[in-house]
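What you see below is based on every heavy atom in this structure, not just the backbone, and it leaves out hydrogens, waters and symmetry mates.
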Amino acid sequence: MQNASVPAAAQPREKAAPRQSARSVSRQVLADHVYAELLASLMDGRLEPGAVVSIDGTARDLDVSPTPVREALARLEHTGMVRRVALKGYRVAPVFTREDFAELMEARLAIEPVNARLACTRIGEGGLAELEQAVADLKAAPRGPSFSEFKDYLEADERFHQLIARETGNQFMEAAYSALGGQIQRFRLFGGVGITDAECAIAEHQAVLDAIRTGEPAAAEAAMADHINRVRSRAIADAPEG
C-alpha cells in the first residue's frame, strides 16, 4: 500500500530570509558615505587634533540628517580617531606621541606574531590566495600625499593583518587584533606626506607571506615580529615628543 502524501497545507514551510527594506539599505549607504567623508577629512588633516566635530554642522555640510553622522562618528570612536566628550559631543583625538606608539607596538608584538604562528598551521589554499592578493594590492596601490591616493594601500595593509588573525581559527585572537583596528592606522593621521615606508613595508609583508607559505610556524612568527619591530622603529622616529 502506498504511503499517503502529506497535504500541501500540512507540509512544513521554509522560513523566508529576512529582507532588508529599501529604507534600511539607503540609511546604511548614507552612513557609509558620511563615514568615508569624515575619515578622509581626518586623514588629510582638515579636521585637526582637538577640533570639535559638530553633528548638526556635518549633517548640513553633507546634506544628510544627523542620524548617519552619529552612526559614522560612533564607528570612528571605535577606531580611536575621535573621542566622545560628555555633554560636548565629539572631538578629534590628539596625534599619537612616541609613548603612544610604543604602547601600541607593544600590544601588536603581543598579538600578531602569535597570530602568524597559529595561522601558519591552519591556513588553507583559499586563505593563502587571499594573502597573496593583499600583498599584490599593496604593491599596486598609489601612495600619494592625500587620503584618496593612499587609502587603497591602507586597506590592503589592514586586510593582510586581519586575514592572518582570521586564519588563526581562534575567535579570541581575532577579536584581540580587531580591538587594535583603527589604532594601527591612526599613527598615519595628519602627516600629509602619504606612505613613506611602502617599499620596506611591502618587503616585510612578502616575508611574512613567504614564511606562512613554508608551513613553518616559528619562521612565520619571527617574520611578523620583525615586521612590527621595523614599523615601530620607523614610526617612533617620526612621532612627536609627548
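A salt bridge links Asp226 to Arg230: one of the charged nitrogens lies within less than 4.0 Å of a carboxylate oxygen. A salt bridge does not link Arg159 to Glu130: none of the charged side-chain nitrogens sits closer than 4.0 Å to a carboxylate oxygen. Using a cut-off of 4.0 Å between Lys/Arg side-chain N and Asp/Glu carboxylate O, Asp32 and Arg75 are scored as salt-bridged.
Between Leu131 and Phe160, the closest heavy-atom pair is CD2-O, 3.6 Å. Across all non-hydrogen atoms, the minimal contact from Arg117 to Pro217 is CG-CB, 3.7 Å. Residues Val69 and Val34 share a closest heavy-atom pair of CA-CG1, 3.8 Å. Of all heavy-atom pairs spanning Cys120 and Glu216, the tightest one is SG-N, 3.4 Å. Nearest heavy atoms, Ala40 versus Arg46: C-NH2, 3.8 Å. Annotation for Met224 and Ala116: closest pair CB-CB, 3.8 Å, computed over non-hydrogen atoms.
No more than 12 heavy atoms of other residues, nucleotides or ligands sit less than 6.0 Å from atom CD of Glu106. By the neighbour-count criterion of 12 heavy atoms within 6.0 Å, atom CZ of Arg84 is sparsely surrounded, having that number or fewer from other residues, nucleotides or ligands.
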Determine, stepwise, if the pair Glu158 / Leu154 fulfils side-chain contact (heavy atoms from CB on, under 4.5 Å). CA-CA 6 Å; Glu158 172 67 12; Leu154 292 190; over 6 Å; no

Intermediate values then yes/no, salt bridge (Lys or Arg N to Asp or Glu O under 4.0 Å), Arg143 and Glu199: CA-CA 11 Å; Arg143 307 159 200 171; Glu199 296 305 323; 2.6 Å; yes

Output, in order, the C-alpha distance, side-chain angles, deciding distance and verdict of side-chain contact (heavy atoms from CB on, under 4.5 Å) for Lys88 and Val52. CA-CA 8 Å; Lys88 295 182 179 179; Val52 174; over 6 Å; no

Pair Leu138, Tyr153 - check side-chain contact (heavy atoms from CB on, under 4.5 Å), show working. CA-CA 5 Å; Leu138 271 177; Tyr153 179 96; 3.5 Å; yes

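For the pair His205 (side chain) and Ala201 (backbone), a donor-acceptor distance under 3.5 Å is present. Arg83 places no side-chain N or O within donor-acceptor distance of the main-chain N or O of Arg91, the cut-off being under 3.5 Å. The backbone N or O of Phe147 lies less than 3.5 Å from a partner atom in the side chain of Asp44, making a donor-acceptor pair. Checking side-chain atoms of Asp100 against main-chain N and O of Thr97 turns up a donor-acceptor pair under 3.5 Å.
With 3.5 Å as the limit, one finds no donor-acceptor pair spanning the side chains of Asp61 and Thr58. Asn115 and His161 share no donor-acceptor pair across their side chains, judged by distance under 3.5 Å alone.
Note that CZ of Arg70 and CD of Glu77 are 14.0 Å apart. Values are rounded to the nearest 0.5 Å. Put simply, CD on Glu112 and CD1 on Ile228 are 4.0 Å apart, with the number rounded to the nearest 0.5 Å. One finds the CD atom of Gln162 at 10.0 Å from the CG atom of Leu180 (value rounded to the nearest 0.5 Å). To the nearest 0.5 Å, the span separating CZ on Arg98 from CD on Glu103 amounts to 15.0 Å. Here the CG-CD distance, from Leu128 to Gln133, works out to 13.0 Å after rounding to the nearest 0.5 Å. One distance of note links CG of Leu109 with CG of Leu104; it measures 9.5 Å at 0.5 Å rounding.
By the 4.5 Å heavy-atom criterion applied to side chains, Leu39 and Met81 are counted as neighbours. Side-chain atoms of Gln206 and Asp210, non-hydrogen and from C-beta on, do get closer than 4.5 Å to each other. In this structure, the side chains of Val208 and Ile164 come closer than 4.5 Å at one or more pairs of heavy atoms. Contact annotation: the side chain of Ile212 never approaches that of Glu167 to less than 4.5 Å [non-hydrogen atoms, C-beta and beyond].
Checked options Val82, Val92, Leu47; the residue passing with Leu38 is Leu47 (criterion: side-chain contact (heavy atoms from CB on, under 4.5 Å)).
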